[in-house]
Asks: 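This is the structure, below, for whatever I ask next.
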Amino acid sequence: MPKKTKKDLISLIVPCFNEEEALTIFYNETSKVLKTMKVDYEMILVDDGSKDNTLEVMRKLSKKDKNVRYISFSRNFGKEAAMYAGFVNSKGAYVAVMDADMQDPPTLLPQMYQILKKQDYDSVATRRVNRKGESKIRSMFARMFYKIINTISDAEIVDGARDFRLMKRKMVDAVISMSEYNRFSKGIFGWVGFKTYWLPFENVERVAGTTSWSFWGLTRYAIDGIINFSNVPLNIASWFGFLMTFVAFVMLIFIIVRKAIFGDPVAGWASTMCVIVFIGGIQLFCLGIMGQYIGKTYMETKNRAHYIIAEASDKTVK
Ligand code: UDP
Ligand code: MG
C-alpha cells in the first residue's frame, strides 16, 4: 500500500447507501471546494448495496470526471465495511471519510488540510457541538452511550465525534492493519492513537433522502462498540456471582441462628420463590453477556471477507 501512495494526493471516501439524490449534490459542492484548494484529489464512492439508482449516478460521475472512482458491493455490508473498502483502496497521502448526505460540511476541508500541512498533527477530526434536528430520545441515548463507553473502555471516544476526519497516511495504514471483522471505527480511530486536532462544528441536517439507521440498528451498533472495546461487561458477571455468594452466606448464618433460637416454623414459600427467580435471572443475564462475546469471537475466527465487490471503476480496486 504505502509504496503506491501519492504525495499530496487527497482521497475522499464516501460510503453511500441509497443516496441517489444526495450524491449529486455532494459531488457538486465538494468538487467546488476541492478545486479552490488547488490539490490533487480522488473521490472513492462506495456503493453499499443500494437499492435505488446510486450505482448509476456513480458510473456517470466517474465517466465524466477522472477524479472519481467507485466500488460497488454485491449487497449491503454496512457503513463500516464501506469505509474499510475505501481505506484499503485509497492512494492519497491524506485520506478523509465523508457522508454523502452533506452532514459533513465539505467547507471544513481546506482548514483541515492546512492544519495537517502546517501543524504537528496526524489527523483532524470533527465533532458536532449540538444535535440540532435530532430527536430528544435519540440524543439522550447517544449521550448515555458515550458516558458508559468512556468509563469502561480504554479507547477514548469523544461525544459528538463524527467519522468525518482527515488523516495522514501513517494513521490510515494503522487503521487498515486493524482488520477485525466487527468494526467500530470511532473506537478504532481512538485506539490507534496519533495526535488528533478536534474541530467543532454546528450540526447540519441531511440534504435529501432519509437516515438508514433505525433505533434498534443504532442500539445494536452501540452494544457492538462496547463489546469490541471493553471487557467490563464480562467482569460484571463475576461480580454478580461474588455478590450473590456473599448474600447467600449471610442468609445461611441468619437461618441457622434463627433455627437455634426459635425452632423451625415452616413458612416462607413466597420468599424462597423470589430468591430462586432472582438468582435464575442473574444467571441468564450473565450467560447472555458471555454469549455476546463468544458470538463475536466466533464471527472473528471465521475470518470472512469484510465485503464483496460486484463492480468497480478500475482494475486496481481490491
Ligand atoms: N451508509 C452506508 N451503509 C449503510 C448505512 C449508511 O454506506 O448500511 C452511509 C450513508 O449513505 C451515509 C452515511 O453512511 O453516507 C451515514 O448514514 P446516515 O446519514 O444514514 O446516518 P446518520 O447521519 O443519520 O447517522
Ligand atoms: Mg447522515
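Numbering of ligands and ligand atoms starts at 1, following listing order. The structure presented is a predicted model; accordingly, all values stated were derived computationally and were not measured.
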Asks: Under the side-chain contact (heavy atoms from CB on, under 4.5 Å) test against Leu23, which residue among Asp47, Asn53, Leu45 passes?
Replies: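 Of Asp47, Asn53, Leu45, side-chain contact (heavy atoms from CB on, under 4.5 Å) with Leu23 is met by Leu45 alone.
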Asks: Could you walk me through whether Tyr197 and Tyr121 pass ring pair (Phe, Tyr, Trp, His ring centres under 6.0 Å), step by step?
Replies: CA-CA 7 Å; Tyr197 183 99; Tyr121 286 100; 5.2 Å; yes
Asks: Could you check Tyr41 against Tyr94 for ring pair (Phe, Tyr, Trp, His ring centres under 6.0 Å), going step by step and ending with a plain yes or no?
Replies: CA-CA 9 Å; Tyr41 65 90; Tyr94 300 88; over 10 Å; no
Asks: Looking only at heavy atoms, which two atoms of Ile188 and Arg183 are closest? And how far apart?
Replies: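 Where Ile188 meets Arg183 most closely, the heavy atoms are CD1-NH2, 3.7 Å.
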Asks: For the rings on Phe194 and Phe189, is their centre-to-centre separation under 6.0 Å?
Replies: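 Phe194 vs Phe189: aromatic centres not under 6.0 Å.
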Asks: Under 6.0 Å between ring centres: does that hold for Phe77 and Tyr307?
Replies: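 No: the rings miss the under 6.0 Å criterion.
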Asks: Tabulation required: pairs of a nitrogen or oxygen in ligand 1 and a protein nitrogen or oxygen under 3.5 Å; columns are atom names and distance to 0.1 Å; otherwise 'none'.
Replies:
{"from": "ligand 1", "atom 1": "3 (N)", "to": "Asp48", "atom 2": "OD2", "distance (Å)": "2.6"}
{"from": "ligand 1", "atom 1": "3 (N)", "to": "Lys79", "atom 2": "N", "distance (Å)": "3.4"}
{"from": "ligand 1", "atom 1": "8 (O)", "to": "Asp48", "atom 2": "OD2", "distance (Å)": "3.3"}
{"from": "ligand 1", "atom 1": "8 (O)", "to": "Asn76", "atom 2": "ND2", "distance (Å)": "3.1"}
{"from": "ligand 1", "atom 1": "11 (O)", "to": "Pro15", "atom 2": "O", "distance (Å)": "3.4"}
{"from": "ligand 1", "atom 1": "11 (O)", "to": "Phe17", "atom 2": "N", "distance (Å)": "2.8"}
{"from": "ligand 1", "atom 1": "11 (O)", "to": "Glu19", "atom 2": "OE2", "distance (Å)": "2.6"}
{"from": "ligand 1", "atom 1": "15 (O)", "to": "Pro15", "atom 2": "O", "distance (Å)": "2.8"}
{"from": "ligand 1", "atom 1": "15 (O)", "to": "Ala100", "atom 2": "N", "distance (Å)": "3.0"}
{"from": "ligand 1", "atom 1": "19 (O)", "to": "Asp101", "atom 2": "OD2", "distance (Å)": "2.6"}
{"from": "ligand 1", "atom 1": "19 (O)", "to": "Arg206", "atom 2": "NH2", "distance (Å)": "2.7"}
{"from": "ligand 1", "atom 1": "20 (O)", "to": "Arg206", "atom 2": "NH2", "distance (Å)": "3.3"}
{"from": "ligand 1", "atom 1": "20 (O)", "to": "Thr211", "atom 2": "OG1", "distance (Å)": "3.3"}
{"from": "ligand 1", "atom 1": "20 (O)", "to": "Ser212", "atom 2": "N", "distance (Å)": "3.0"}
{"from": "ligand 1", "atom 1": "20 (O)", "to": "Ser212", "atom 2": "OG", "distance (Å)": "3.1"}
{"from": "ligand 1", "atom 1": "21 (O)", "to": "Trp213", "atom 2": "NE1", "distance (Å)": "3.4"}
{"from": "ligand 1", "atom 1": "23 (O)", "to": "Gln103", "atom 2": "OE1", "distance (Å)": "2.6"}
{"from": "ligand 1", "atom 1": "24 (O)", "to": "Thr211", "atom 2": "OG1", "distance (Å)": "2.7"}

Asks: Count up the protein N, O or S atoms sitting under 2.8 Å from the Mg ion (ligand 2), would you?
Replies: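 The number of such protein atoms is 2.
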Asks: Ignoring hydrogens, what is the shortest heavy-atom contact between Asp8 and Ala93? Give both atom names and the distance.
Replies: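 Closest heavy-atom pair between Asp8 and Ala93: N-CB, 3.7 Å.
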Asks: Of all heavy-atom pairs between Pro106 and Met98, which one has the smallest distance, and what is that distance?
Replies: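 Smallest interatomic distance, heavy atoms only, reads CA-CE, 3.7 Å.
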Asks: Which heavy atom in Ile10 sits nearest to a heavy atom in Tyr113, and how many Å separate them?
Replies: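 Reported closest heavy-atom pair: CD1-CD1, 3.7 Å.
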